[in-house]
Visitor: 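Below you'll find the structure I mean.
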Amino acid sequence: MSVATATLPTYAVDQLPPDQYFVDPVMGYKVEKGTARLMMAFAALAFVIFGLGAVAALMVVLTRMPAVKLLPPYWFYIALTYHGVLMLTMWVHMFESVLWIYTSTVLLKQKMYGLKWGWVAFGLVTAGIAMVLGAIATGQASVMYTVYVPLRAHLLFYIGHVVYAVGLLLVLGLFGLNMVKARVDGTFTGTIPLLTMGMATANIITVVALISAVAAFVPAILWALGIWVDRMDPLTFKLAFWGMGHTLQYTNIVAMVVAWYAIVAFALRAGSTNDKFSRYAFMLYFFFTLPVYAHHFLVDPVWSPAYKWFGATLVGVLLGIPSSIHGIAVPAAAEVKLRQMYGDKGWFGFLRRWGWGDPAMIALFFSLVMFGIGGFDGTIGTTLQLNAFLHNTMWMPAHFHGALAGGTAVGFMGLSWYLLPALGIKIPFKKIWGQVYAYMAGIGFMVLIAAMHWAAYLGVPRRTATITYTEFADLVPNWFLPMNVLGVGGVLAVTGVLIFVVMVLTALYRAIFPEVVAPRPELAPVPEPSGAAAD
Amino acid sequence: MAAETIIRTPEQQWTALDPPAPGWDAPMPYDKRWWMGFLFAWSGLLLAITFSWFFVGKQNVPTLKREVTPASIQQEVEAFLAKYETEPGSGIARVPPGVDAYLVGEMWNWSSGLILKAGQEYTIWYSSLDVMHNPIIADQRYTFTAIPGYAYGIRITPTTPGEYLVYCSEYCGLGHQDMATKIVVEP
Ligand code: HEM
Ligand SMILES: [Cu+2]
Ligand SMILES: [Cu+2]
């Protein structure tokens, strides 16, 4: 007799008693309540961080705006470190954690395996984040996102990063375990959904990145402590740092692409135009991502030009390929579906039906466009000869605000409009507010990156509190107009982001503490559509 | 508010949230293959351009580099200044053609301002005594890093006379925003 399978607790949602799950009102999936609570916790953390990062962005952008010059240098560098760390290290990964859990549980029709460890991971990342933020507040860790040695940060800053990384690794491990669990139990058979495959790609890329992080941060901690390591070679550290840093950006890109597919699925019920096409593209990310750190060294005194060309320019250009595949496949998916729904109306007739009133589709549009711009900027920046004219100018913020803020963050803002309801969380605001945040953030970031390009063309340095150069003031080129435009775009973008954050946090607050607010009948399990097993 | 409640019918099943439609692994249609092929070909073209630029282009990333220590590069700078400074203490050196110049950073100053002659080739050694710095020559946007422990030999031939701001563009601490000097190109 096969005891083994009979006595194993089953994780399939179909086997759960009805009070342990609800049916989501968007897609009709069964979501186990405990799993949903963990996702809510990660989402709440992500949005709090996003809001703080946006407030820091406001400080930064108003200081860089010559018409305002808000903060003195000391506070500017603190604000900029906060902005970089909150946005780039924390916000995207916390939101991605929600996606990791969602794609490995709900989409695989099971409840989360190792839920307790999920909470441990949540505790660890929260503790790590608190340490890092605290360390920056002391003013002794104004070392920017890049932490380049021999700039020395407060010890807590490094330790916080490590604690955070352990928590993140745990999330990654749980994602893998859940995939295995679904297979072993037989809850999920056949080919995994495209989104799960995407997040699996992101998962592997992140693990590789975190290994590099160990290589960067462990010696740095010893050096900051003053034991064993008394000299850090700046270029070696920079190498290990970007082995993590830029590899992680591919996590963000892959997660953004996942958000794109999810948006067309939620908003239009559209699938990829061709699954194989999309899956190939995810696989191409693997091959080209891993050596991509090299482009941070194009203008450094290391390596031969041949190696720089191979390690940066070659892979950098090739990395554009998978993104250009998704960048075609996603709008094409929407196009095909829209033509089905509304009929063929000429070449671009479908664009009028895009969904200009749907916050998610608005955000998707801006995300696609801005990621395209940011991606081209990246290809240009990775070209050996051109990098010598762009390195550390405003071109770099232009590149990653296109790819990461305009692409990933705006994509996530759009996805949230449907993902939260799909987790059983009602957004208690009128749709018009959704449109407001999507258009404000979209247009704001467009203006912001346009101004950054303009400033880059004139050679404005990045990460610099003032650009007046007291002693040489008469030699400063005319940098002030683009930097003022930057301020205008920045304020618009920050406003959009903050409206979004207020909306989603209100929604989460009501969902997490239902007893505090009025009773919410909507959250009760919706009956099965088929009418079977309703109890 | 958010989405109206739509529960999917079977023919609406094939989104990216679900397992792929049966037959998804059939060979890709012509247009998809064409697009992938085009992307590879286009990348090949871009790469061919940047590669051949090594041989035909006038501006390439410099290859001259050596390992130094802060102390040794400091000595070189002092010797350089002692010889070529316009007047003692000015911090501005008039560099005769054929002589190596220095642009060495130290929180938050550059070792020297430089006066160069148009049309002559110079090698300027970039380095640092403490953390990373990154001089940019304004208007030209010419940007290479100055890293402690290394000296990077930038070969340039200034062509346009004028005064150029040189500023630091790698964050190097609280005085970063005022770390500047100038290069004067004389006709
Ligand atoms: C909310 C609106 C935002 C505004 C107004 C904004 C504005 C800025 C500005 C002005 C800078 C400084 C450029 C410099 O002086 O070097 C900056 C840096 C940066 N931003 Fe944003 N940003 C926003 C959102 C984002 C988002 C959503 C992300 C990422 C997901 C992001 C990631 C970064 C990073 C990584 C840096 C570089 C920090 C560093 O140099 O260490 N930003 N941002
Ligand atoms: Cu400097
Ligand atoms: Cu600096």
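Keep in mind that this is a model prediction, so the values were computed, not measured. Only heavy atoms go into these numbers, but all of them, side chains included; no hydrogens, no water, no symmetry mates. Proteins get letters first, then strands, A, B, ... in listed order; numbering begins at 1 in each.
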Visitor: Against chain A, work out which of B/K65, B/E163, B/M107 has the most heavy-atom pairs shorter than 4.5 Å and name it.
Guide: B/K65
Visitor: What do the steps show when you test A/F472 against B/W110 for ring pair (Phe, Tyr, Trp, His ring centres under 6.0 Å), and what is the final call?
Guide: CA-CA 13 Å; A/F472 301 93; B/W110 296 107; over 10 Å; no
Visitor: Going by distance alone, is a donor N or O of one side chain under 3.5 Å from an acceptor N or O of the other, for B/W125 and B/D100?
Guide: yes
Visitor: Roughly how far, to the nearest 0.5 Å, is the CD1 atom of A/I192 from the CG atom of A/L107?
Guide: 10.0 Å
Visitor: Side chain, backbone, both or neither: which part of B/L174 has an atom under 4.5 Å from a heavy atom of chain A?
Guide: both
Visitor: Residue by residue, scan residues 37-61 of chain B and write down, ordered by number, those that have a heavy-atom distance under 4.5 Å to chain A; if none do, write 'none'.
Guide: B/L39, B/F40, B/S43, B/L46, B/L47, B/T50, B/F51, B/W53, B/F54, B/Q59, B/N60, B/V61
Visitor: When you check the side-chain N and O atoms of B/T15 and B/D18, is any donor under 3.5 Å from an acceptor?
Guide: yes
Visitor: Using non-hydrogen atoms and a 4.5 Å limit, figure out which bit of B/A138 sits close to chain A: side chain, backbone, both or neither.
Guide: side chain
Visitor: The test is side chain to side chain contact (heavy atoms under 4.5 Å, CB included); show your working for A/L194 and A/R279 and say whether it passes.
Guide: CA-CA 7 Å; A/L194 186 62; A/R279 280 169 202 255; 3.6 Å; yes
Visitor: Quick one: which residues of residues 322-330 of chain A reach chain B at under 4.5 angstrom, heavy atoms only?
Guide: A/S324, A/I325, A/I328
Visitor: What's the separation between atom CD1 in A/I425 and atom CG in A/L419, rounded to the nearest 0.5 Å?
Guide: 8.0 Å
Visitor: For A/Y418 and A/D24, test the side chains for any donor-to-acceptor distance below 3.5 angstrom and give the result as yes or no.
Guide: no
Visitor: Given a strict heavy-atom distance threshold of 4.5 Å, which part of B/A26 is in contact with chain A: side chain, backbone, both, or neither?
Guide: backbone
Visitor: Please say which of B/Y126, B/Y84, B/F80 ends up in a ring pair (Phe, Tyr, Trp, His ring centres under 6.0 Å) with B/Y102.
Guide: B/F80
Visitor: With chain A, which of B/D25, B/T63, B/L64 has the greatest number of heavy-atom pairs at distances under 4.5 Å?
Guide: B/D25
Visitor: Report the distance from atom CG of B/L103 to atom CD1 of B/I137, rounding to the nearest 0.5 Å.
Guide: 7.5 Å
Visitor: From A/R64 CZ over to A/R463 CZ, what is the distance, rounded to the nearest 0.5 angstrom?
Guide: 11.0 Å
Visitor: Does anything in residues 137-150 of chain B pair up under side chain to side chain donor-acceptor pair (under 3.5 Å), and if so which pairs, sequence neighbours excluded?
Guide: A/D233-B/Y150, A/D300-B/T145, B/N134-B/T143
Visitor: Of all the residues in residues 88-97 of chain B, which have a heavy atom that comes within less than 4.5 Å of a heavy atom in chain A?
Guide: none
Visitor: Find the distance between CG (A/N392) and OH (B/Y167) and round it off to the nearest 0.5 Å.
Guide: 10.0 Å
Visitor: Please flag which part of B/W35 lies under 4.5 Å from any non-hydrogen atom of chain A: side chain, backbone, both or neither.
Guide: side chain
Visitor: Non-hydrogen atoms of chain B under 4.5 Å away: do they reach the side chain of A/V106, the backbone, both or neither?
Guide: neither
Visitor: Just verifying a value: how many Å separate A/L80 CG and B/Y171 OH, rounded to the nearest 0.5 Å?
Guide: 9.0 Å
